[in-house]
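Down below is the structure, laid out as structure tokens.
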Amino acid sequence: MMLPFYEVLNIGDYFLNLYSHFSILIKYCTKHIKMAKVLTSRSENYSQWYNDLVIKADLAENSAVRGCMVIKPYGYAIWEKIQAELDRMFKETDHVNAYFPLFIPKSFFSREAQHVEGFAKECAVVTHYRLMKDEENGGLKVDPSAKLEEELVVRPTSETIIWNTYKNWIHSYRDLPILINQWANVVRWEMRTRLFLRTAEFLWQEGHTAHETSEEAVEETLKILGIYSTFAEEFLAIPVLKGLKTDSEKFAGALDTYCIEALMQDGKALQAGTSHFLGQNFAKAFDVKYASREGREEYVWATSWGVSTRLMGALVMAHSDDNGLVLPPKLAPQQVVIIPIYKTPEEYAATRERAHAIKDSLKKLGVSVKVDDRDTQKPGWKFAEYELKGVPLRLAIGPRDMQNGTIEIARRDTLTKEVIAQDQLTTVIPALLDEIQRTIYNKAFKFRAENTFNVDTWDEFLVQIEKGGFISAHWDGDAATEKMIQDETKATIRCIPLDSVAEAGLCVRTGKPSVRRVIFARSY
RNA sequence: CGGGGUAUAGCGCAGUCCGGUAGCGCACCUGGUUUGGGACCAGGGGGUCGCAGGUUCGAAUCCUGCUACCCCGACCA
């Protein structure tokens with residue numbers, strides 16, 4: 001998608017040169033696009049905007065099953081791109097994929113006390129394995145004679161089944177480390193659900209690693225956090241804070257939970273990924289020991305980490321606007337769409353042929369292109385449609401362009417369009433895609449910077465939390481204070497940023513001494 | 001699990017108060033004119049009115065009971 005040599009050039013300068021070049025070659029004018037409104041606007045009702053958008057951009061819809069969504073082809077294509085890149089990053093760091101069962105014996109959950117407490121309230125349980133004809137109404141009913149000996153829990157996460165398995169795999173330090181990831185679905189029976197952000201069933205990857213030492217496990221935990229943040233920033237184009245969760249926010253069963261936190265356009269925070277240092281909790285619960293180099297028997301050290309289809313929600317809420325989705329080029333199922341414009345059959349044939357020729361030349365550069373040459377929809381309809389779906393670049397080629405050797409090129413991120421020479425496309429498009437990826441990120445970065453506030457008094461805190469954004473404030477480190485703040489403002493501590501500097505101060509709520517600032521926000 | 005709302009064509013809705021041939025917009029089908037920002041004209045197809053009972057000569061409409069979904073809270077990634 002990007003030409004390799006761009007990476008070794010100063011991209012900004014290169015791009016400027018390209019542009020000054022064009023302005024000599026061709027006449028172009030930048031126009032702003034105006035569009036019919038099909039979405040609720042963000043200012044009118046942000047959550048309605050989100051719901052509208054997910055449905056209208058064809059990402060997903062609600063299913064016949066309460067709380068469970070159907071991810072539609074266009075949405076799934078984005079998820080596949082997310083998967084492909086993360087999978088590549090995991091494998092590059094020596095992780096391998098495997099698959100563990102969907103069903104977990106109920107007794108496994110009781111082994112780790114913290115863990116069970118965290119998930120018990122939202123587990124789906126399989127109790128029977130057979131249906132039978134219901135004589136009363138002609139339908140089907142559960143066969144009471146087919147009750148399972150031990151009930152099975154539909155996995156809300158797989159630590160227990162995996163550590164029960166690792167017990168058989170690990171005997172010696174020579175068996176370590178184990179660096180396994182699985183792509184799977186999990187079920188958490190949520191009360192209130194929203195497409196992608198919180199659904200009863202969702203897709204994710206969960207990594208589960210086993211190590212000889214605490215240090216090695218911590219290193220793994222942070223390595224993954226780094227992968228997540230790199231992925232978020234370079235692919236999702238969302239700047240994230242890397243940080244540590246407080247005790248009350250951490251994963252049930254972990255010693256430390258690290259996270260990446262992103263800020264959405266409505267000023268609410270969204271946790272986009274987590275990486276846990278599990279210590280020896282699961283090794284002890286499932287009796288996973290190894291013979292060390294010194295011949296001693298030791299418990300194994302563990303990590304687990306995951307990102308889910310929730311990232312899709314983050315992607316939508318971070319960048320999109322009142323006209324629809326805005327997708328970063330690196331994750332867009334189609335980076336470019338070409339729309340032929342014509343009146344006569346001859347013009348149709350000619351523009352269509354040229355469109356396909358352009359597509360072929362761009363495909364050779366690794367750009368994904370779709371030609372929409374359907375005769376059943378009008379150009380205006382198509383323009384609106386691809387804007388709604390967030391296609392980064394749109395090319396329109398009509399009779400005038402055929403004569404002049406030009407083409408109209410419209411950017412989704414800035415909603416601007418201009419006319420350039422066709423023979424420049426293979427140079428301009430890759431550079432523009434790269435530029436769009438960067439612009440989207442920069443916009444999100446600027447938004448976060450403008451919505452992150454240092455707050456030192458409680459009055460100020462109360463005012464600012466209503467406005468939204470990240471609040472950087474001192475906290476005395478007491479869970480009771482954290483709870484009090486949450487009860488009073490609905491704000492939680494999103495994380496203790498890893499790059500936070502030691503700074504003496506007074507807790508924003510209690511006035512007790514504090515050694516560093518933490519990030520507060522209302523969150524999804 | 002509390003509080004509120006909704007259920008009528010694929011989608012969005014009106015009709016319900018005051019019972020009497022089930023409607024509108026979009027979408028869909030056919031033909032024509034159109035096509036550089038969601039085209040227009042003409043014709044056409046499509047609904048056991050969420051489900052189950054009840055009242056009535058007659059129920060989308062009145063009564064009873066279910067169910068599902070949405071929104072706001074409590075809980076969570």
Side-chain angles (χ1 to χ4, degrees), chain A residues 31-40 45 47-48 51-52 55-56 61-68 117-123 137 156-157 186-204 206 228 245 248-252 257 259-262 269-276 304-314 323-324 339-345 347-348 351 373-388 394-404 406-410 415 417 419 486-487 490 492 494 523-524:
Chain A
K31 297 177 194 163
H32 275 269
I33 295 161
K34 55 179 186 305
M35 227 199 82
K37 203 185 109 167
V38 292
L39 296 172
T40 306
N45 183 341
S47 52
Q48 190 61 46
N51 293 341
D52 282 3
I55 303 268
K56 295 212 167 115
E61 63 187 36
N62 283 307
S63 72
V65 185
R66 177 193 159 75
C68 295
E117 203 176 308
F119 287 108
K121 284 172 290 185
E122 48 189 22
C123 285
N137 62 16
T157 179
V186 285
V187 169
R188 296 181 189 174
W189 214 261
E190 300 288 352
M191 288 296 167
R192 281 186 66 196
T193 60
R194 290 189 74 191
L195 293 173
F196 290 120
L197 297 174
R198 180 171 297 109
T199 47
E201 180 192 16
F202 57 93
L203 306 184
W204 75 347
E206 47 179 327
Y228 286 162
K245 285 290 188 190
S248 54
E249 292 281 327
K250 76 182 184 190
F251 173 68
T257 289
C259 62
I260 52 171
E261 291 284 329
L270 185 124
Q271 180 175 309
T274 52
S275 184
H276 313 292
S304 70
W305 28 275
V307 299
S308 72
T309 36
R310 189 176 227 211
L311 289 180
M312 298 284 296
N323 299 317
I339 297 169
I341 290 159
Y342 49 86
K343 287 193 172 80
T344 65
E347 285 170 351
Y348 183 35
T351 52
D373 55 8
R374 287 177 297 174
D375 193 30
T376 51
Q377 313 291 350
K378 293 188 54 182
W381 189 93
K382 292 177 186 174
F383 291 175
E385 179 69 8
Y386 292 108
E387 241 148 57
L388 196 52
R394 184 188 70 234
L395 301 175
I397 182 161
R400 284 204 301 275
D401 298 305
M402 294 298 287
Q403 284 209 325
N404 304 336
T406 57
I407 192 160
E408 182 186 88
I409 178 165
L415 290 172
K417 59 184 180 181
V419 176
Q486 181 174 2
D487 291 345
K490 293 181 196 153
T492 50
R494 300 319 302 155
S523 73
Y524 278 97

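As the structure is a prediction and not an experimental result, all values here were calculated from the model. Convention: sequence-line order gives letters A, B, ...; per-chain numbering from 1.
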Gap separating the OG1 atom of A:Thr309 from the CG atom of A:Leu197, nearest 0.5 angstrom: 9.5 Å
Between B:G36 (C1') and A:Trp381 (CH2): distance, integer Å: 18 Å
With the criterion being N/O to N/O and under 3.5 Å, what pairs connect the protein with nucleotides 75-77 of chain B, and how long is each?
{"from": "B:C76", "atom 1": "O2'", "to": "A:Glu190", "atom 2": "OE2", "distance (Å)": "3.2"}
{"from": "B:C76", "atom 1": "O2", "to": "A:Arg198", "atom 2": "NE", "distance (Å)": "2.3"}
{"from": "B:C76", "atom 1": "O2", "to": "A:Arg198", "atom 2": "NH2", "distance (Å)": "2.5"}
{"from": "B:C76", "atom 1": "N3", "to": "A:Arg198", "atom 2": "NH2", "distance (Å)": "2.6"}
{"from": "B:A77", "atom 1": "O2'", "to": "A:Arg310", "atom 2": "NE", "distance (Å)": "3.4"}
{"from": "B:A77", "atom 1": "O2'", "to": "A:Arg310", "atom 2": "NH1", "distance (Å)": "2.3"}
{"from": "B:A77", "atom 1": "O2'", "to": "A:Arg310", "atom 2": "NH2", "distance (Å)": "2.8"}
{"from": "B:A77", "atom 1": "N6", "to": "A:Thr199", "atom 2": "O", "distance (Å)": "2.7"}

For A:Thr257, the option from A:His276, A:Lys250, A:Glu249 that meets side chain to side chain donor-acceptor pair (under 3.5 Å): A:His276
Phosphate contact (B:G37 OP1 or OP2) by A:Asn323 side-chain N/O below 4.0 Å: no
Pair partner, B:A7 [Watson-Crick or wobble, under 3.5 Å]: B:U67
Separation between the P atoms of B:C40 and B:A27, rounded to whole Å: 9 Å
A:Lys245: partners by side chain to side chain donor-acceptor pair (under 3.5 Å), with sequence neighbours left out: A:Glu261, A:Gln271
Separation of B:U35 C1' from A:Tyr348 OH (nearest whole Å): 12 Å
Exercise: do A:Asp375 and A:Tyr342 side chains pair donor with acceptor under 3.5 Å: yes
B:C51 versus B:C11 - spacing of their P atoms, nearest Å: 15 Å
Partner nucleotide of B:A77 by Watson-Crick or wobble geometry (both distances under 3.5 Å): none
Spacing between A:Glu61 atom CD and B:C69 atom C1', to the nearest angstrom: 14 Å
Sequence neighbours excluded, every pair satisfying salt bridge (Lys or Arg N to Asp or Glu O under 4.0 Å) that has a member inside residues 188-200 of chain A: none
Between B:A22 and B:G5 - C1' atom distance, rounded Å: 24 Å
Nearest-angstrom distance, C1' atom, B:A9 to B:G15: 15 Å
Nucleotide B:G36, atom C1' - distance to CD1 of A:Ile409 in whole Å: 16 Å
Pair assignment for B:G2, Watson-Crick or G-U wobble, requiring both distances under 3.5 Å: B:C72
Upstream residue (5' side of RNA chain B) when A:Arg194 and A:Glu385 are each assigned their closest nucleotide: A:Glu385
Integer angstrom distance from the P of B:A68 to that of B:C28: 34 Å
Nearest-Å distance once atom P is located in both B:G73 and B:C29: 43 Å
Write out a two-atom table: protein N or O, nucleotide N or O from nucleotides 7-14 of chain B, distance below 3.5 Å.
none

Could you run down the sub-3.5 Å N/O contacts of the protein with nucleotides 25-28 of chain B?
none

Nearest-Å distance once atom C1' is located in both B:C69 and B:U8: 16 Å
d(CD, A:Glu347; P, B:G36) in whole Å: 12 Å
Protein-nucleotide distance (A:Asn45, atom CG; B:C72, atom C1'), rounded to Å: 12 Å
Pairing partner of B:A39 (Watson-Crick or G-U wobble, both distances under 3.5 Å): B:U33
Those residues that, when tested against A:Glu61, pass salt bridge (charged side-chain N to carboxylate O under 4.0 Å, His left out) (two or more places apart): A:Lys72
Side chain to side chain donor-acceptor pair (under 3.5 Å) against A:Thr199, all qualifying residues, sequence neighbours excluded: none
Nearest-Å distance for atom pair CZ/P, residues A:Arg66 and B:U67: 13 Å
Listed partners of A:Arg374 passing salt bridge (charged side-chain N to carboxylate O under 4.0 Å, His left out), at least two apart: A:Asp372
Which residues share a side chain to side chain donor-acceptor pair (under 3.5 Å) with A:Tyr228, sequence neighbours left out: A:Gln205
For A:Asp52, salt bridge (charged side-chain N to carboxylate O under 4.0 Å, His left out) partners two or more places apart: none
Quiz item: A:Lys417 side-chain donor-acceptor pair to B:G37 base, under 3.5 Å: yes
Among B:C71, B:G36, B:C70, the one nearest A:Asn62 by side-chain distance: B:C70
Assigned partner base of B:G12, Watson-Crick or wobble definition, under 3.5 Å: B:C24
With sequence neighbours excluded, residues passing ring pair (Phe, Tyr, Trp, His ring centres under 6.0 Å) with A:Phe196: none
Rounded interatomic separation in angstrom, taking CG from A:Asn51 and C1' from B:C69: 13 Å
Interatomic spacing from OG1 in A:Thr40 to CG in A:Asn51 - rounded to 0.5 Å: 9.0 Å
Partners passing side chain to side chain donor-acceptor pair (under 3.5 Å) against A:Arg66 (at least two apart in sequence or in another chain): none
Phosphate-side-chain proximity, A:Lys378 and B:G36, N/O vs OP1/OP2 below 4.0 Å: yes
Flag if over 12 foreign heavy atoms under 6.0 Å of CH2, A:Trp381: yes
Nucleotide paired to B:G19 in any strand shown, Watson-Crick or G-U, under 3.5 Å: none
Pairwise C1' distance, B:G12 and B:A59 [rounded to whole Å]: 25 Å
